[in-house]
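Right, one structure below, let's go through it.
A, B, ... follow the sequence lines: proteins, then strands. Residue 1 opens every chain.
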Amino acid sequence: MLAHYGPQHWWPAETPFEVIVGAVLTQATAWRNVERAINRLKQAGLLDPERLADIEPAVLAGIIRPAGYPQVKASRLRALVGAIRRDFGSVEACLRFEPARLRAWLLSVPGIGPETADSILLYAAGRPYFPVDAYTRRLFLRYGVLSAPRPYEGIRRLVEEALGPDPAVLGEFHALIVAHGKAVCRKRPRCGACPVRAGCKFWAEGVGFEPTMGLSTP
DNA sequence: ATCCGGAAGA
DNA sequence: TCTTCCGGAT
């Protein structure tokens with residue numbers, strides 16, 4: 001995948017705080033829409049923990065609208081920055097916290113689930129945690145890494161044990177899976193364009209036929 | 001017109 | 001386990 005897609009230079013953010021905001025905004029959302037929302041926050045000068053903590057939730061919702069679920073994400077963002085300030089005083093102090101305990105702390109914040117927590121740990125704190133998303137599950141199931149669905153933690157540890165604890169490696173792999181999942185290994189796979197089909201169980205079984213398994217061709 | 005996707009709550 | 005929250009992609 002690396003050979004085909006090239007380095008992804010993730011996470012595309014200028015500051016750790018921007019990573020944190022992006023991690024929340026990207027929940028159930030394509031990254032390109034998150035970019036719009038982040039840019040709007042920048043324009044408004046709100047990409048700052050202090051300002052974000054003060055802003056009216058309804059106003060915040062209006063600004064981040066392009067990322068979807070504006071009401072939900074506005075309150076999640078505020079809950080997170082509020083909790084960071086309350087428990088650590090600053091984003092920097094938060095991210096320096098011992099990784100395993102930081103993970104547990106993140107999961108205790110309302111609106112932060114395992115994938116969001118691991119994205120923050122990996123891309124903002126530089127800790128060796130692998131975020132397991134929908135693309136990862138789908139790819140692993142099809143490719144044959146997994147023969148049946150497994151719980152989040154199991155998949156995360158599988159990857160962390162296979163790739164080792166280098167955050168750069170874990171981060172690159174996750175980014176490549178996203179690129180691959182969006183472009184090729186979609187819900188309806190484009191196996192004809194797949195750079196890794198040679199090793200893929202789904203393709204080998206002949207299920208991965210190109211055009212369609214029914215009607216309608218794009 | 002349908003599909004897509006994290007987290008929470010029922 | 002199913003539904004809700006949403007805008008944007010297809």
A:R32 side-chain N/O to C:dA9 phosphate OP1/OP2 under 4.0 Å: yes

For the CZ atom of A:F17 and the OG atom of A:S90, what is their distance to the nearest 0.5 Å? 11.5 Å

Minimum-distance nucleotide to A:E115 side chain [options: C:dT10, C:dG7, B:dG6]: B:dG6

Between C:dA9 and A:R36, is there an OP1 or OP2 to side-chain N/O distance shorter than 4.0 Å? yes

May I have the distance from A:R188 (atom CZ) to B:dC4 (atom C1'), rounded to whole angstrom? 15 Å

Given atom CD of A:Q27 and atom C1' of B:dC4, what is their separation to the nearest angstrom? 15 Å

Of the listed nucleotides C:dG8, C:dT10, B:dA7, the one nearest the side chain of A:R76: B:dA7

Across the strands shown, which category fits A:K187 at heavy-atom distances under 4.0 angstrom: base, sugar-phosphate, nothing? sugar-phosphate

Rounded to whole Å, please give me the gap between CG in A:N33 and C1' in B:dG6. 15 Å

Classify A:R137 by what it touches in the nucleic acid, base, sugar-phosphate, or nothing, heavy-atom distance under 4.0 Å. nothing

Is any side-chain heavy atom of A:Y129 less than 4.5 Å from a side-chain heavy atom of A:L102? no

CD1 of A:I64 versus P of C:dC6: gap in Å, rounded? 10 Å

Provide, to the nearest angstrom, the distance between the CZ atom belonging to A:R40 and the C1' atom belonging to C:dG7. 12 Å

Determine whether a donor-acceptor pair (N or O, by modelled atom type, separation under 3.5 Å) exists between the side chain of A:R103 and the backbone of A:L121. no

Please state how far atom CG in A:L77 lies from atom C1' in C:dC6, giving the value in whole angstrom units. 16 Å

What integer distance in Å separates A:L60:CG from C:dC6:C1'? 15 Å

Measure the spacing between CG of A:L95 and CD1 of A:I20 and express it to the nearest 0.5 Å. 4.5 Å

When the nearest nucleotide of DNA chain C is assigned to A:K182 and to A:A67 on a heavy-atom basis, which residue is associated with the more 5' position? A:A67

Between B:dA7 and A:T116, is there an OP1 or OP2 to side-chain N/O distance shorter than 4.0 Å? yes

Residue from A:L139, A:I177, A:V196 passing side-chain contact (heavy atoms from CB on, under 4.5 Å) with A:C185: A:L139

Atom-pair distance (CD on A:Q71; P on B:dG6), nearest Å: 21 Å

Could you work out which one of C:dC5, C:dA9, B:dG5 sits closest to the side chain of A:V72? C:dC5

Does any donor-acceptor pair link the side chain of A:Y69 with the base of B:dG5 at a separation under 3.5 Å? yes

Judged by nearest nucleotide, the residue sitting upstream toward the 5' end of DNA chain B, A:Y135 or A:I112, is A:Y135

